[in-house]
Asker: 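Structure incoming, see below.
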Amino acid sequence: MRIASVAVSNMKALGDRLFDYCVPEKLRNTVRPGAFVLIGFGKADKRTKGIVFSLRDGEPERKLKPIYAVLDNSALLSDEAMKIAEYVTKRCFCTYYDAARLLIPYGCDFNVEETVSALPQENGAAPMSPLEEEIYRYVSEKERVAVTALLDSFGDSARMVLGTLRSKGYITTDADVKQNVGDLLVRLVSIAVDGKTLAEILKSKRTGARQAALLEYLKEHGESSVKEVCYMTGASAAAVNGYIKKGVLSARLEQVYRLPKITESESPAEIVLNDEQQAAFEGILSKEGFSPSLLYGVTGSGKTHIYLKLCEHAVNSGKTAIVLMPEIALTSQVITRFYRVFGRKIAIIHSALSAGERADEWKRLKNGDAVIAVGTRSAIFAPVSNVGVIIIDEEQEHTYKSEMTPRYSARDVALFRGKYNKCPVVFSSATPSVATYSKAASGAYGLYKLTKRFNGEPLPSVTVVDMREEQSKGNTGIISEKLYDEIAGNLKRGEQTLLFLNRRSYNWFISCRNCGNAVTCPKCSISLTYHSENRRLMCHHCGYSTEFTEVCPTCGKKALKFFGTGTQKVVSELELLFPDARIMRLDADSTVRKNSHDEILSAFAAGEADILVGTQMIAKGLDFPRVTLAAVLLADFTIYSDDYKANEKTFAQITQVIGRAGRAELSGRAIVQTYAPDNRVLNLAVSQNYEAFYKEEIELRKKLTYPPYCDICQMTFESEREALAREAAEAVANECVTVRATKYPDMPLIGLGPSQARVLKVNNVYKYKLVLKCRINKDLCDLAESAASWFDGEKRFQDVLMSVEYNPENIA
Ligand code: ADP
Ligand code: ZN
C-alpha cells in the first residue's frame with residue numbers, strides 16, 4: 001500500500017507532526033510530494049487541506065484514512081520547495097503546513113468548505129432522534145449544505161449529530177474547493193475551415209460586411225482574442241459565437257497574466273562596471289558551487305549596478321536569480337533599474353501587489369517566463385529553479401526577519417537555497433551587520449569592498465549639532481539653528497532636503513501637568529500618541545484610538561501636555577518656519593493607501609516638493625539626484641535602546657541618512673542632531689569609520705557573550721493572567737535546567753530570566769520571556785523541543801501561549 005506523510009492545516013505548533021494517510025488506487029498517479037490534498041481529520045473526519053511531504057510503500061500498523069482528492073492539478077511545490085519547508089519547520093517552531101504555505105502565494109492556495117448532503121433513507125435504517133431527524137430534513141431539502149452554515153443555524157453541538165447521522169448512513173460529507181484567486185483567461189478564436197470553404201463563406205450573400213471583416217481579420221492576423229477582433233472590425237460577440245457554433249471558427253481559453261505596473265524611464269543601457277566593481281563581480285563568481293560573500297561598499301558606490309551584472313551573468317548561463325530588498329519603498333526605484341535591463345524577465349514579489357498580481361508573478365516565475373525574482377522578504381521563496389545567484393541588499397535590515405509566524409529569517413533561507421543550488425549568495429551593505437562582517441573577517445565569507453562613490457564625489461560632510469545647546473539658547477523646536485540655515489539655503493538654490501526621524505505620529509507621549517500621569521492605552525502598557533490628522537490619541541501596539549480632548553483621563557483636569565516630536569509635528573514646525581516650502585511626509589500613517597508609497601516617492605523625485613520628512617522608510621537606498629542635504633533630527637532613539645544591537649543600528653542608520661545626500665553631480669551635506677554629541681558610536685558613524693566601529697563592537701560582544709559569540713533562543717509566554725504567564729516561564733526555565741543536567745551536562749548554555757517582556761502588556765495579554773544564550777545545534781533544538789512538549793502536557797498552563805524563536809531580531 002502507498003502511504004503519504006501529510007502536513008495538516010490549522011494545527012497548533014506544539015505537537016504538530018506529519019500524519020499518515022493511504023493513497024487510494026485511483027489517486028496513485030496524482031498524489032506526489034508537494035501535492036495539496038483533501039483529507040479528513042480527527043474523530044469528526046473534518047474535511048481539511050493537507051500537503052503531502054513524502055510517500056512510501058508498506059503495510060501500515062493501523063487502519064489509515066484515505067486521501068480524498070488532489071487539489072492542485074499542476075505541481076505547485078517543487079522538491080526544493082519541500083526541502084525549504086522542512087528546514088523552516090525545524091528552525092521556526094511552526095507547523096509543517098504553515099511552513100509549506102510560505103512557498104505559494106495566497107492567490108494559488110485553496111479554500112476548502114466542508115459540505116454535507118443527504119443519502120436516500122432506506123428501509124430498516126437505524127432510527128433517528130428528533131434533533132437528528134430535524135437536521136436530516138434540513139439537509140435533504142437542499143442538495144449540498146455548507147457545514148459552517150448548518151452550524152450557524154443549529155449551534156456547534158450539531159457537529160456531533162452530523163457524526164451520528166453519517167455513521168447511521170443518512171448523510172455523506174464532502175467539500176467544495178476553490179482556488180483563492182482564479183486564473184485570468186481570455187478567449188482566443190481562429191479560423192477552423194480550409195481556404196476554399198472560407199472563400200465560399202466570404203462570397204456568400206448571407207455574409208454581412210462586418211462578418212466578412214471579422215473573417216478577413218482572422219485570416220490575416222491568425223489567432224486573436226475575441227475582444228480584439230470585435231474591437232478592430234466592429235463585429236459583435238454574437239457573430240463570433242455563431243461562427244464557433246457552425247464550426248467556422250474554433251475557440252480556446254488562454255491564461256493572461258496580471259502584470260504589476262512598473263514606472264519606466266530611459267532606454268536600456270549596457271552595464272559597464274568600473275575597476276572596483278569589476279573586481280568585486282569577478283571575486284563573487286570566482287568560486288565554484290555554494291559561496292557566500294559580503295559586498296561591502298559605501299553608499300552610492302554602485303552596489304546595485306553589480307547586482308544587475310550578476311543577474312545578467314546568471315541569466316546568460318541559463319540560470320535564475322533572486323534579489324531581496326529590505327522595504328517596498330526601495331523596490332520601485334530598483335525595479336525600474338532592473339526593468340530597464342531585463343524587461344518582464346523580472347517578476348516582482350511584495351505585499352503591495354494585489355492577490356491576483358502576486359499569484360500571476362509567481363506563476364510567471366514558476367513556468368520560466370520570468371527568471372529574476374525581485375522583491376522584499378518573501379521573495380526568498382520565489383518558485384525559481386536552478387538558481388544562479390541570490391542577492392540580499394542592505395543585509396543588516398531587521399525586515400528580513402518575519403515578525404509573524406513562521407518567524408523565518410530570509411537571510412538563513414537564502415543560505416539554505418544557496419547550498420541547495422550550489423550558487424553564490426551575496427550579502428550587501430554599506431553597514432554590514434556585525435555577525436556578517438565577522439564571517440567575512442574570519443574568511444568564512446568572501447569579502448569584496450567598494451571604497452569610492454561612483455560619481456567620484458566624497459561622502460557628504462557631516463556636522464553634529466548638540467541639542468542641549470539649542471535648548472539653552474531657548475530653541476525648543478526640533479530644527480536647530482544650523483539646520484534652519486542649511487534648509488533655507490537649499491530652498492533658495494532649489495535643491496531638495498531629506499529629514500529623518502524615527503518616530504511617527506505627532507509626539508511621543510502625553511502626560512498631565514496636574515496629576516503627572518501619562519496617558520496610556522487601556523489595553524497595553526504603552527503611552528498613547530497624538531495624531532494631528534484625525535485628532536485622535538492612538539496606540540501603536542493594538543490600534544486602540546480615542547478622540548483627543550485636553551482632559552486628563554486620570555484626574556479630570558484640562559491639563560494635558562505633549563512631549564517629544566514625531567513626524568507629524570515636524571511638518572507643522574516646518575510649515576511655520578518655511579511657509580513657502582513644499583513639504584511631504586512618508587511614514588506608516590501617510591502610506592496606508594495602496595501605491596501611496598510610490599506616489600509620494602515619485603512626486604518627490606519629480607521635484608514636486610522641497611522637503612521630505614520621514615521615518616526609516618526614507619533612510620535607505622533611495623537615489624534622488626537633487627537631494628543635497630540630509631539630516632537625522634534626533635539620533636538618540638537608537639543610541640539609548642536597550643537592545644544588544646543598538647550600536648550596530650545607530651551606526652547603520654546614521655550612515656544611511658548621510659548616504660542619501662549628494663549622490664549625483666551636486667555634492668551633499670549631512671547634519672546629525674543629538675543630546676549625546678560625545679557618544680562613541682555616533683562619532684564613528686559621523687566619521688564613517690565602519691572598521692573601527694566593528695573592532696570595538698566585536699570586542700564588546702565577546703566580553704558580554706552576545707552574537708556572534710553565541711546564538712539566542714528566546715521563549716515567550718503569553719496569558720491574560722500575568723501571574724500565570726510568569727509561572728509558566730519559571731516552570732519551563734526549571735524544566736530546561738533539568739533536561740540539560742540529565743541529558744546534556746556539557747552543553748554551553750546561559751539562561752537569562754524569566755523576566756517581563758520589554759512591553760509587558762499588549763491588548764490585555766501579558767508576556768514573559770526566557771532567554772537562552774546558546775549554540776543552535778541538534779542538542780539545543782532537542783532541549784527546546786522537549787521543554788516545549790513538557791509544557792504542552794501541563795494542564796495548568798493550558799491558557800498560556802508558548803512560542804520559541806531562534807535568534808530573534810529583537811529580544812522581546
Ligand atoms: P549603491 O547601490 O551602492 O548605493 P548605486 O548602484 O545606486 O549605488 O549607484 C549610485 C549611482 O551611480 C547610481 O545613480 C548609478 O546609476 C550610478 N552608477 C553606479 N555604477 C555605475 C556604472 N558602472 N555605470 C554607470 N552608472 C553607475
Ligand atoms: Zn494598546
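Remember, it's a predicted structure, so these values are computed and weren't measured experimentally. For ligands, and for the atoms within them, numbers begin at 1 and follow the listed sequence.
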Asker: Mind telling me whether Y296 and Y437 have parallel, tilted or perpendicular rings, with 30° and 60° as the class edges?
Answerer: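 If you compare the ring of Y437 with that of Y296, the planes turn out perpendicular.
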Asker: Quick test of your reading of the model: are E805 and R91 salt-bridged, counting only N-O distances below 4.0 Å?
Answerer: no
Asker: Does Q277 reach ligand 1 with a nitrogen or oxygen that is under 3.5 Å from one of the ligand's nitrogen or oxygen atoms?
Answerer: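 Yes, since at least one N or O of Q277 sits under 3.5 Å from an N or O of ligand 1.
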Asker: Would you say that I611 contacts M584 through its side chain, given a criterion of any heavy-atom pair below 4.5 Å between the two side chains?
Answerer: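 A side-chain contact is absent here, since even the closest heavy-atom pair is not under 4.5 Å.
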Asker: With a cut-off of 4.0 Å, which atoms of ligand 1 are near a heavy atom of L273?
Answerer: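 So the answer, numbered in order with elements, is 23 (N).
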Asker: Under a 4.0 angstrom heavy-atom cut-off, which atoms of ligand 1 come close to S301?
Answerer: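 Result: 3 (O), 8 (O).
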Asker: Is the Y420-F290 ring centre distance short of 6.0 angstrom?
Answerer: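 No - the distance between ring centres of Y420 and F290 does not fall below the 6.0 Å cut-off.
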Asker: Geometry only, no angles: is F454 polar-contacting ligand 1 at N/O separations under 3.5 Å?
Answerer: no
Asker: For atom 7 (O) of ligand 1, which of the options R337, K303, H305 provides the nearest non-hydrogen atom?
Answerer: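 Selected option, by shortest heavy-atom distance: R337.
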Asker: Please list all pairs passing the salt bridge (charged side-chain N to carboxylate O under 4.0 Å, His left out) test where one or both residues lie in residues 478-488, with sequence neighbours left out.
Answerer: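 For residues 478-488: K473-E481, K482-E486, E486-R669.
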Asker: Please verify whether a non-hydrogen atom of G297 lies at under 4.0 Å from ligand 1.
Answerer: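 For ligand 1, residue contact (heavy atoms, under 4.0 Å) with G297 is absent.
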Asker: Who are the side chain to side chain contact (heavy atoms under 4.5 Å, CB included) partners of P424, not counting sequence neighbours?
Answerer: I284, L285, S291, V389
Asker: I need the contact type for V272 against ligand 1. Using non-hydrogen atoms and a strict under-4.0 Å cut-off, is it side chain, backbone, both or neither?
Answerer: backbone
